[in-house]
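Naming: A, B, ... by sequence-line order, numbering from 1 per chain.
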Amino acid sequence: MSTDPPTSYSPAKVEAKWQETWEKQGTNRFTQDDLRAPDRPYYNLMMFPYPSAEGLHVGNIYAFTGADVHGRFRRLTGHTVFEPIGFDAFGIHSENFALKQGIHPMDLIPSNVANFTRQLRRIGGMFDWDHMVDTTDPAYYRWTQWIFIQLFKAGLAERKEAPVNWCPSCMTVLSNEQVIAGACERCDTPVEQRTIAQWFFKITKYAAKLLDNLAHLDWSDSTKKAQVNWIGRSEGALLRFPILPPGGVAAGVDDAMTVAADALPTDTDQISVFTTRPDTVFGATYMVLSPEHPLVDEVTAPEQADAIREYSEVAAKMDLVARQKTEKAKTGVFTGGYCLNPATGEPIPIWIADYVLMGYGTGAIMAVPGHDQRDFEFASTYGLTIRRVVAAPGEDADTPLDEAYQGDGSLVKSEHFDGIPVADAKPAIVDWLAGRKLAEAKVNFRIHDWCISRQRYWGPPIPIIYCEDCGTVPVPEEDLPVVLPRVEDFKPDDSGVSPLARVEEWYRTKCPECGAVARRETDVSDTFLDSSWYFLRYPSTDSDDKPMDEDITRTWLPVDCYIGGNEHAVLHLLYARFITMALHDMGHVDFEEPFVRFRAHGLIIREGAKMSKSKGNVVIPDQIIEQYGADTLRIYLMFLGPFEEGGDYRDEGIQGPHGFLHRLWDTVINAEDGTPDPDVERKLHQTIAQVTAQIPTLQYNTAIAALMEYLNSVRAGGRTAVRAEVEPLVVLTAPFAPHIAEELWSRLGKDGTIFGQNWPEHDPEKAKESSVEVAVQVNGKLRGTVRGPAGMSQEMAEELARKEENVARYLDEGTVTRAIYVPNRLLNFVVGSADA
RNA sequence: GCCGGGGUGGCGAAAUCGGUAAACGCAGGGGACUUAAAAUCCCCCGGGCUUAGGCCCUUGCGGGUUCAACUCCCGCCCCCGGCACCA
């Protein structure tokens, strides 16, 4: 034992002591040399927090603790674990908060970061503070801008017009999430749509790879599925509908049919549509263009022009969210124009309607009201032809439709395709039309290109210069970073352009190519760009001259384990994968996928309800830590429920883990030399086995239960522990409660940090039970139990069972027809009734 | 509507290659120790019967498979999270 007198457990003292010791000894810090030559490197990553003014939320602590437990376990089992942390501090939330409080973000963020840092140190994470990242630091965003330029040079960044939500009262662009029921979330003003030129990253180029690679990733299933849905691959065809020249219809349907009989003209203008149901093309009785479709003007007849213009204006004014409400009744206007159904050769009317979205497929659809519910509703409203072209067994072409039939069946009214099942008809019809160049098979993706422009202040300026003569020129890499200037008036205004556009001395610059007067891009980039590569930067923060050190990156990446919230299942994780793939294809990294393993943690609620500031039921971690200590909080959070499912924080419950640590302290401090009790030793080895198996699978709650159970048996009846019984227990507890474990370890007279390779090994022989209790059932009902040697034979078990009075009574009621024996577990007699 | 996740004691939850449902913990009750309290230790703690031995019921609801179902299959209901006119 150490010379320290046995004192009672004081979390505050123990935790302060060890946090200081780790800091002083650099226990968790990596030098350049450490990073270059690690033994069994393990990159343990958690999603970095956004440093709000409120401080760390228990949700953050929950996530970080869960990740830290994993990291500490890996370290105890012999890995060199790199566990960095940082701050995702740019973005609209900080900016809005700063506006509201009247504090400049450049003042606000550092104080938030300082507070977060203090809190993060207090929870005892194994963070390497020498490799911290702050996305608002020019030394970091210099490389965020560098990434933009690499993508620009690779043709993966382009500038184009795109619609945005605009609040005329707040005079700002809103994201879709900030639009509630068509109104601004802050002032309730109806939102409008504006069209602004913005920068996009062509993530759609990687859609197929982003989807296909998922199959090989060790990720939470729910996360993978969310990505699959988001990418939204659908197989179908592109069909072309030739536009009939004005007056073409007047000539009559017969003429049109004649045209169809020959080859349809391919040189006239056509409208392309994407469909997953090419088999229903014979039922396409009209066509719908999105109001924004470029061909709207061309197909509109003069007498319909006013109505079309009016409808388009209303649609354009509507915000993007309200427009996409499904419950809304379908509306539209006839353009007066016609096109030819490529299959039937019939002229069909062209409408515009806002239920067709410019953002998906080609922005135009062939409407098949007989087999698409949306088209059915629209056709019913406007009296358009509804034609059945698929019939289920027992139906025929004349079976009436009172809603769209979207099920399986065979084709009808489809000329020589009649009778062919839907699945076979799809390729057959595409082939047939492809022969006349009116169709081709096509895979479409739902995912859009990534708009990274923000008409805001608090972000890294997009490193682009516009020159009258040279056009769009990237800022030369040696001129990076383009520093975000300190601007006191950073409030957005009615112009819809970035606040930086008001700072002439900043945006006026020289063209890097010709030296002429030029103008900087005044938009900043999306926060998701900051976070799409931070994990690449962590191990290389010592390098000022490059974003990633090649050797170090090769050594540490990809990330071994990434833990975070499922709210980022789609955007953040997809963007990070995309950026990594793009960097891979440009030769900057040698892997395509950044995260080998990803696990989503669950959510913490409180007393059955979601925590929120407005409800005033937020757990303040500092208070809990003061009262019970970080170790208790860590264990309690991990004990609440399965880590991947979250848990219900109940204030009283913390007593359990708190008591556990007190008893652990007491037991270890008073432990004596001696020989372990055989029963306790058996339990010990069972516990080692369970905890060792359950930590890697994040089953922390049951692992902790096992530790408690073991401590209970060590202390049973008030007995004094033997040191050999509790030394391994201290190590098993260390990932969850690192401070007390260190303290007890040193009081046990051990040298150095406990987080060396000290994980105990379990001996299966010692874990074996010598006698077992076997449940005895008669006809599946429990009638007794018998105890016998482990692994006893069925004969022996039956013999013991028959001696049980209660069992015997039921056996006497009939004859045993069979007996099922599960060794060491259960014996079930199947008894036929005596009369039978 | 679609895609995930989930429904088990007063509460948080265990147990799913089908094998004694409720481990561990909270709250509650009783006891030991104590002048007292705290801490600690021991016992009880799903429901209904029963003098006892014991019996019956119970994992959202209804069916089914099986010697045996929280676990598998079919059909529903409810809650949470995400997406949502995606052609």
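Pair assignment for B/U40 gives B/A32, based on Watson-Crick or G-U wobble hydrogen-bonding distances that are each under 3.5 Å. The partner of B/A52, taking Watson-Crick or G-U wobble pairs whose two distances both stay under 3.5 Å, does not exist in any strand shown. Nucleotide B/A27: unpaired (no Watson-Crick or G-U wobble partner with both distances less than 3.5 Å). B/G81 is paired with B/C3 under the Watson-Crick or G-U wobble criterion, all donor-acceptor distances under 3.5 Å. The base-pairing partner of B/U71, taking Watson-Crick or G-U wobble contacts with both distances under 3.5 Å, does not exist among the strands shown.
When the side-chain nitrogen and oxygen atoms of A/R783 are compared with OP1 and OP2 of B/C55, one or more of them lie within a distance under 4.0 Å. For A/N712 and B/G25, the shortest distance from a side-chain N or O to OP1 or OP2 is below 4.0 Å. For A/N806, a side-chain nitrogen or oxygen approaches OP1 or OP2 of B/C55 to under 4.0 Å. For A/N701 and B/A14, the shortest distance from a side-chain N or O to OP1 or OP2 is below 4.0 Å. Between A/K781 and B/C57, a side-chain N or O to OP1/OP2 separation shorter than 4.0 Å is present. When the side-chain nitrogen and oxygen atoms of A/Y810 are compared with OP1 and OP2 of B/C55, one or more of them lie within a distance under 4.0 Å. Under 4.0 angstrom from either OP1 or OP2 of B/A27 there lies no side-chain N or O belonging to A/R650. Contact check, A/K224 against B/G4: no side-chain N or O comes under 4.0 Å of OP1 or OP2. Considering only side-chain N and O atoms, A/R825 lies under 4.0 angstrom from the phosphate OP1 or OP2 of B/U20. Close to B/C3, at under 4.0 Å from its OP1 or OP2, lies no side-chain N or O of A/R446.
Mapping A/N828 and A/A775 onto RNA chain B by nearest heavy atom places A/A775 closer to the 5' end of the strand. Mapping A/Q655 and A/F445 onto RNA chain B via the closest heavy atom, the residue that lands nearer the 5' end is A/Q655.
For the pair A/R663 CZ and B/C24 C1', the computed distance is 11 Å after rounding to whole Å. Rounded to whole Å, atom C1' of B/C2 lies 13 Å from atom CZ of A/R374. Taking atom CG of A/D648 as the reference point, atom C1' of B/G5 lies 16 Å away to the nearest angstrom. As a whole-Å value, the separation of A/L603 CG from B/G82 P is 9 Å. Per the geometry, CE belonging to A/M366 stands 20 Å off P belonging to B/C85, to the nearest Å.
Straight-line distance between the P atoms of B/C3 and B/C24: roughly 40 Å, to the nearest whole Å. Rounded to whole Å, the P atom of B/C42 lies 16 Å from the corresponding atom of B/C33. B/A13 and B/U66 have their P atoms separated by 35 Å, given to the nearest Å. Look at the P atom in both B/U71 and B/G63: the space between them is 14 Å, to the nearest Å. The C1' atoms of B/G54 and B/G64 are separated by 32 Å, rounded to the nearest whole Å.
Among the nucleotides B/G19, B/G81, B/U20, the one closest to any side-chain atom of A/V822 is B/G19. Taking the side chain of A/N229 as heavy atoms from C-beta on, and the options B/C67, B/U20, B/C3, the nearest nucleotide is B/C3. Comparing atom distances between the A/T785 side chain and each of B/A23, B/G4, B/U20 picks out B/U20 as nearest. For A/R715, the listed nucleotide lying nearest its side chain is B/U40; candidates were B/C86, B/G19, B/U40. Side-chain proximity of A/M708 to B/U20, B/C24, B/A87: nearest is B/C24. Here B/U20 is the nucleotide among B/G54, B/A87, B/U20 with the atom lying nearest to any side-chain atom of A/E773. The side chain of A/W230 has B/C83 as its nearest neighbour among B/G4, B/A87, B/C83. Of the candidates B/C24, B/A15, B/C26, the closest approach to any side-chain atom of A/T702 belongs to B/A15. For A/F639, the listed nucleotide lying nearest its side chain is B/G25; candidates were B/A23, B/G19, B/G25. Distance from the side chain of A/E652 is smallest to B/C26 among B/C67, B/C26, B/A15.
Side-chain polar atoms of A/T204 and A/D449 form a donor-acceptor pair below 3.5 angstrom. In the model, A/R577 has a side-chain atom that pairs as donor or acceptor with a side-chain atom of A/Q227 under 3.5 Å. Between the side chains of A/R715 and A/T667, at least one donor-acceptor pair of N or O atoms lies under 3.5 Å.
Of the charged side-chain nitrogens involved, none lies within less than 4.0 Å of a carboxylate oxygen, so that A/K683 and A/D679 do not count as a salt-bridged pair. A salt bridge links A/E798 with A/R802: the closest approach of a Lys/Arg side-chain nitrogen to an acidic carboxylate oxygen falls below 4.0 angstrom.
The glycosidic torsion of B/G9 lies within 90° of 0, placing the base in the syn range.
Scanning atom types as modelled, one donor and one acceptor separated by under 3.5 angstrom connect the side chain of A/K330 and the base of B/C85.
Remark: A/I820 CD1 is packed, more than 12 non-hydrogen atoms of other residues, nucleotides or ligands lying under 6.0 Å away.
A/H601 places no side-chain N or O within 3.5 Å of a backbone atom of A/Y62 that could act as its donor or acceptor partner.
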